[in-house]
Amino acid sequence: MNNLKQIALGLINYTDTYGQLPCGTFVQPSLTPDERLSWMVAILPFIEQQSLDNRFDKDTGWASEHNEIPAQTTIKGFRCPNQPMEAPSDAWSNTSYVGISGVGADAASLPLEDPNCGVFGYERRITYDDIKDGTSNTLCIVETRWKNGPWAAGGLASIRPLDPEQRPYIGENRPFGMDHRQPFLGSFTFASREDLAQAALLDGSVRKLHSSVNPLTLQALATIDGKEQLDYDF
């Protein structure tokens, strides 16, 4: 939970500084969203990574010759401790956390006025005034071990929608969630296993989303101005 808390606080501090949340990707019209730099690059100065931020060329993509080396940097705060380090070593820069773009496969491309719009769009510029559902009712980051990609990369690697075609949302081989195991004290055996997704809300709070949560509740939390009635049993 500490990682998610620090990332969420980085987002809040970014927003307090610039008056808006970062776009899901850097606005680089000559590049596809998957080629662009991600919102995680934008918050580096706000998570004590200013020196790494200085190494990026913000006018080129994450895999450009200039950005290739800094983009491969492993940031422990961008990885869930429950997710093992993959091989090869160039996968160590993958992130366990993704920003939420809204509801529907095309959520990241939706205009701000669309009710399915979430916090992160490819080029949406969102302020707190746009969060009509309230920051405490709006998901911004959720953990995943499904199709993990580099934290510096835009697109699927760092922002995801809640696509109703992919329900259920949480669990093994599902879009969101992590295999969380609790060890017995003083033992190397495991006491329990639970599929859940830890998530950060836009007010900076962190919650555990269990696999049993109503998918409609998650969809309501994924929008910024959906005006849904929330089921708080999650």
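No experiment lies behind these values; they were computed from the predicted model shown.
- Annotation: side chain of Leu196 is not in contact with side chain of Met178 (no heavy-atom distance under 4.5 Å).
- The NZ atom of Lys208 sits 10.0 Å away from the CD atom of Glu143 when rounded to the nearest 0.5 Å.
- Put simply, CD1 on Ile12 and CD1 on Ile43 are 11.0 Å apart, with the number rounded to the nearest 0.5 Å.
- Thr138 and Asp133 get closest at one heavy-atom pair: OG1-CB, 4.1 Å.
- Formation of a donor-acceptor pair under 3.5 Å by the Thr17 side chain with backbone atoms of Asn13 is found in this model.
- If you check the side chains of Asp34 and Thr32, you find no donor sitting under 3.5 Å from an acceptor.
- To the nearest 0.5 Å, atoms CG (Leu139) and CG (Leu209) are separated by 6.0 Å.
- If you chain together hydrophobic residues whose side chains sit under 4.5 Å apart, Leu110 and Leu202 never meet in one group.
- Surrounding NZ of Lys147 are at most 12 heavy atoms belonging to other residues, nucleotides or ligands under 6.0 Å away.
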* To do: Determine, step by step, whether Cys140 and Leu11 satisfy the side chain to side chain contact (heavy atoms under 4.5 Å, CB included) criterion, reporting the C-alpha distance in whole Å, the side-chain angles of both residues, the deciding distance to 0.1 Å, and the verdict.
  => CA-CA 9 Å; Cys140 58; Leu11 275 175; 4.2 Å; yes

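- Gln219 and Tyr169 share a side-chain donor-acceptor pair at under 3.5 Å.
- Side-chain contact between Thr25 and Leu31: absent, with no pair of heavy atoms (C-beta onward) separated by less than 4.5 Å.
- Under a hydrophobic clustering in which Ile, Leu, Val, Met, Phe, Trp and Tyr are joined whenever their side-chain heavy atoms come within less than 4.5 Å, directly or via other members, Met40 and Val206 fall into the same cluster.
- A pairwise comparison of heavy atoms in Pro150 and Ala157 identifies O-CB, 3.6 Å as the closest pair.
- At least one side-chain heavy atom of Val142 sits under 4.5 Å from a side-chain heavy atom of Ile100.
- A salt bridge links Glu123 with Arg36: the closest approach of a Lys/Arg side-chain nitrogen to an acidic carboxylate oxygen falls below 4.0 angstrom.
- Hydrophobic clustering places Trp62 together with Ile47 (ILVMFWY residues linked when any side-chain heavy atoms are closer than 4.5 Å, directly or through intermediates).
- Between Trp39 and Phe120, the gap from one ring centroid to the other is short of 6.0 Å.
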* To do: Carefully, step by step, assess Ile75 and Leu52 under the rule side chain to side chain contact (heavy atoms under 4.5 Å, CB included).
  => CA-CA 10 Å; Ile75 299 181; Leu52 179 58; 3.7 Å; yes

* Could you check Ile126 against Ile224 for side chain to side chain contact (heavy atoms under 4.5 Å, CB included), going step by step and ending with a plain yes or no? => CA-CA 10 Å; Ile126 292 175; Ile224 63 174; 3.9 Å; yes

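- Counting only distance, with no hydrogens or angles, the side chain of Thr144 and the backbone of Pro175 share a donor-acceptor pair below 3.5 Å.
- Contact check for Ser101 versus Arg160: no side-chain heavy atoms found under the 4.5 Å cut-off.
- Looking at Arg124, its side chain does come within 3.5 Å of a backbone N or O of Gly118 through a donor-acceptor pair.
- Heavy-atom minimum distance, Ser93 versus Ala71: CB-O, 3.6 Å.
- Here the side chains of Val98 and Ile159 are not in contact, with every heavy-atom distance at 4.5 Å or above.
- With hydrogens and angles disregarded, a donor-acceptor distance shorter than 3.5 Å links the side chain of Ser158 to the backbone of Ala153.
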* Verdict with reasoning, Tyr122 to Ser109, per side chain to side chain contact (heavy atoms under 4.5 Å, CB included) -> CA-CA 6 Å; Tyr122 294 141; Ser109 301; 3.5 Å; yes

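- Using bins of under 30°, 30° to 60° and over 60° for the plane-to-plane angle, the ring pair Phe78/Trp151 lands in the tilted bin.
- We find the CZ-CG distance between Arg55 and Leu44 to be 11.0 Å, quoted to the nearest 0.5 Å.
- Using a 4.5 Å cut-off on side-chain heavy atoms (C-beta onward), Asp225 and Cys117 make no contact.
- With values rounded to the nearest 0.5 angstrom, Phe46 atom CZ is found 4.5 Å from Tyr18 atom OH.
- Judged by distance alone, the side chain of Asn3 and the main-chain N or O of Arg79 form a donor-acceptor pair under 3.5 Å.
- Ser96 contributes a side-chain N or O that, together with a main-chain N or O of Cys80, makes up a donor-acceptor pair within less than 3.5 Å.
- Side-chain heavy atoms closer than 4.5 Å link hydrophobic residues (I, L, V, M, F, W, Y) into clusters, and following such links, possibly through other members, connects Leu112 to Val119.
- When all heavy atoms of Ser136 and Leu201 are compared, the closest pair comes out as O-CD1, 3.3 Å.
- Annotation: side chain of Leu4 is in contact with side chain of Ile141 (closest heavy-atom distance under 4.5 Å).
- Across every non-hydrogen atom of Pro45 and Val41, the tightest pair is CD-O, 4.2 Å.
- Under the 3.5 Å distance criterion, the side-chain polar atoms of Gln28 are matched with a main-chain donor or acceptor of Lys58.
- Of all heavy-atom pairs between Ser205 and Asp203, the closest is OG-OD1, 2.7 Å.
- A donor-acceptor contact shorter than 3.5 Å links the side chain of Asn67 to the backbone of Asp57.
- For Gln50, the side chain to side chain donor-acceptor pair (under 3.5 Å) test picks out Asp53, Asn54, with sequence neighbours left out.
- Considering only heavy atoms from C-beta on, Trp146 comes within 4.5 Å of Gln166 through its side chain.
- Here CG of Leu37 is found 12.5 Å from SG of Cys23. Values are rounded to the nearest 0.5 Å.
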